[in-house]
Amino acid sequence: MAIGKGAYLKAITSSRLGSSRILDRTMEGSTPPSVFVGSWNYPKVYAGPLIAPIREECGIMDTPEAWIPAGWSQEEILSCRLDLVRGKRVCDVTRVEDPDACRLQEIALSAGSVESQATFSETPAGTSLSEEHTPFGPSAHLVEFEAESSRFEPHLERCYYDSDLPASDAILALHREGVPFSSIQKALSVGALGTGGKRRMVPTRWSITACDTTLADRFLSRVRQNRLIDTVRVHEFSSLNNHYAVILLPTPWQYEWMEAFLHIRGDEELLFSDHEEFRGKKGYSCVGGCYYSCKMAVLEGLEREGVQAGAIVLREARKGYIPMGVFNVRENVRHAMLQPFREFEDLPSALADVSMRMTFPMERFVTESTVLKSQFRARQTTLDAFF
Amino acid sequence: MLKATIDADILKESIDAISALVTECRLHTDENGLSTRAVDTANVAMVSLTLKKEAFSAFESTKGEIGLDIAKLKNIFGMMGKNDLISLELPEDGHKLKVSFEGYRYSITLLDPNTIRKDPNPPNIDLPGKVVLSGNDLYNSIKAAAVVSDKIALGIDAAQQLFFMAAEGDTDHIRREFGKSEVNFLNGIEARSLFSLDYLKDMGRVMGRADEVEVSLGIDHPAKFAFYIAGGQGYVEYLLAPRIEAD
């Protein structure tokens, strides 16, 4: 393969245009609430709020969980996100009690949109589109920033004031209480979770994977105790120029993520994949954060159903697709897991069925896979088959 | 009740043998020593270990069962010197294992054995092909195979009296044969099965320290690796389920 995934996605996004809204060096509006912490120059990072030029409740602009149920198109998501202006200022990730950090914490914890005013040192410019985080519009350095005081979301507030609660336990508790993933991730990112003294601001991109992994690890330890499914199951879902097929195998947990990018820039067809066998993964995935978002979404579904299975997830991104962050993968796979499954006696008949809705030839998925191929070529048996 | 003193190196060797496959286990104690048998979470590999009381410099125990968090115990190893004497102490009906060495005194909270997977039944399985080779040779060929593939074939060529290992990658392959000068054929009967290197690498690290490993094989059957530890006073058996190739 001549091109890496990172370089490819950069090429797709570099040709996109930004918001057409005319901006000034001062701005009045609301933050949904939304914050962005960059990873560049860590541990002295650029952090700040994202502000929309409207003075009304706009929480949905930073709640990706709501976009697919609301039936938003890719264009609607983009145009709304590109209206968000990012103010930034250098913050030391360890100084979570500095006034700037505290103000970001207040925003991230608030129960609804917060009216804000900002003055920038220059006119905000540019856009940011990435496979890792949700898109946003122009950015500029903050000179002054003020936000109305607001009511805190009660679950987040409790974790914020509990300085004996480790961040991982807080993430699990908040998820159990039904707090949206995006709110938990924002709270982690601004340094509002964790035991006192150990709290840090966490770059947005890292905090997303940290939340996905923390949840996935917990689900996995429970799923490993569940009985295996006894047929091959297929869950599918399509949205935002993407098609997802989750193929569940009657084996202990193993996982393969394969994503095909088709005809997005021209006539290219690219496939990226990564996998883990029964014993899990060592080191960071070569395909990036989406590997962990998808894993979390599948395990969340398996845990909910009280079963164990091996999972092969095939994704096809088609013409018109724009990278919009790993939420795209997480929410689509979550929706797939909520769809009723189709059941098959064996893997070949499941693949034959899935291939009817895929453009990319199934043989190529199989040839370039590891776990999927091993089901045909060298299937791992278990000891109980022998005595 | 358990009261024992053991050389740090022997304790580490024993715990490493278990931790290659599981992070927790039920440890059985009686007047003759310790034993455990555990299967990994995916039910692909099993470890059985016995450590006779002669492996300890002092040993006194009643019959009992301990739930051991292997990962936690391993964390303490970093503090131990190579030839330290470790004393282990568990009072009757106690839930904390006292581990002391060189002035350090740890108290490790034990797991409730009922929360750990039940001991698997002793494997009753016929694996006719048997060879004995050095642990180091075995581990080296596992490492060599891992360079080109994620699985390895182990087998015996009965006609040529060869023990072989072969790994096929997408583009490369590797093969290592052992003749009579390197391998002792206890039963040189035809055998061949394929195994996951993910498991074998971790098991190999432990087996590599053994002078001799007895390997038992069949055709598309599990492999058994048996070897002594603790200067002959401990015995480990690994059983690994094969990967089966479709036609």
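So that the names make sense, note that chain A is the first sequence line, chain B the second, and so on, each numbered from 1.
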* State whether the number of non-hydrogen atoms from other residues, nucleotides or ligands found under 6.0 Å of R243(B) atom CZ is greater than 12. => yes
* To do: Look up atom CG in L383(A) and atom CG in L240(B), then write down how far apart they are to the nearest 0.5 Å.
  => 7.5 Å
* To do: Taking heavy atoms only and a threshold strictly under 4.5 Å, list by residue number the residues of residues 276-285 of chain A that touch chain B; give 'none' if the list is empty.
  => E277(A), F278(A), R279(A), K282(A)
* Check F386(A) against I125(B) and note the closest heavy-atom contact, atom names and distance. => CB-CD1, 3.7 Å
* Structure fact -> Distance col, row L220(A):CG vs T41(B):OG1, nearest 0.5 angstrom, shows 8.0 Å
* CZ on F387(A) to CG on L239(B), rounded to 0.5 Å -> 5.5 Å
* Structure fact -> Distance col, row S374(A):OG vs I244(B):CD1, nearest 0.5 angstrom, shows 12.5 Å
* Structure fact -> Those residues of residues 42-52 of chain B that come under 4.5 Å of chain A on a heavy-atom basis, listed by number, are A42(B), N43(B), V44(B), A45(B), M46(B)
* Structure fact -> Honestly, the part of F195(B) sitting under 4.5 Å from a heavy atom of chain A is neither
* Members of residues 131-147 of chain B whose heavy atoms come closer than 4.5 Å to chain A -> none
* Asked: With a 4.5 angstrom heavy-atom cut-off, which part of T251(A) approaches chain B: side chain, backbone, both or neither?
  -> neither
* When you look at CZ of F77(B), are more than 12 heavy atoms from neighbouring residues, nucleotides or ligands closer to it than 6.0 Å? -> yes
* Just wondering, are more than 12 heavy atoms of other shown residues or ligands nearer than 6.0 Å to OH in Y106(B)? -> yes
* Structure fact -> Interface check, chain B: of A378(A), P252(A), A385(A), most non-hydrogen pairs under 4.5 Å belong to A378(A)
* Asked: For H173(B), does the NE2 atom have more than 12 heavy-atom neighbours from other residues, nucleotides or ligands under 6.0 Å away?
  -> no
* Tell me, please, which residues at least two apart from E343(A) pass salt bridge (Lys or Arg N to Asp or Glu O under 4.0 Å). => none
* Measure the CD-CZ distance between E168(B) and R377(A) for me, rounded to the nearest 0.5 Å. => 9.0 Å
* Near N114(B) CG, under 6.0 Å, is it more than 12 heavy atoms from other residues, nucleotides or ligands? -> yes
* Structure fact -> Smallest heavy-atom separation, P242(B) atom then Q380(A) atom, equals O-NE2, 3.3 Å
* To do: Check each atom of N121(B) against the heavy atoms of chain A and say whether the ones under 4.5 Å are side chain, backbone, both or neither.
  => backbone
* Greater than 12 external heavy atoms within 6.0 Å of D267(A)'s CG -> no
* **Flag side-chain contact, heavy atom, 4.5 Å: K373(A) against D170(B)** => yes
* To do: Determine, step by step, whether D40(B) and R224(A) satisfy the salt bridge (Lys or Arg N to Asp or Glu O under 4.0 Å) criterion, reporting the C-alpha distance in whole Å, the side-chain angles of both residues, the deciding distance to 0.1 Å, and the verdict.
  => CA-CA 11 Å; D40(B) 87 297; R224(A) 282 199 202 276; over 6 Å; no
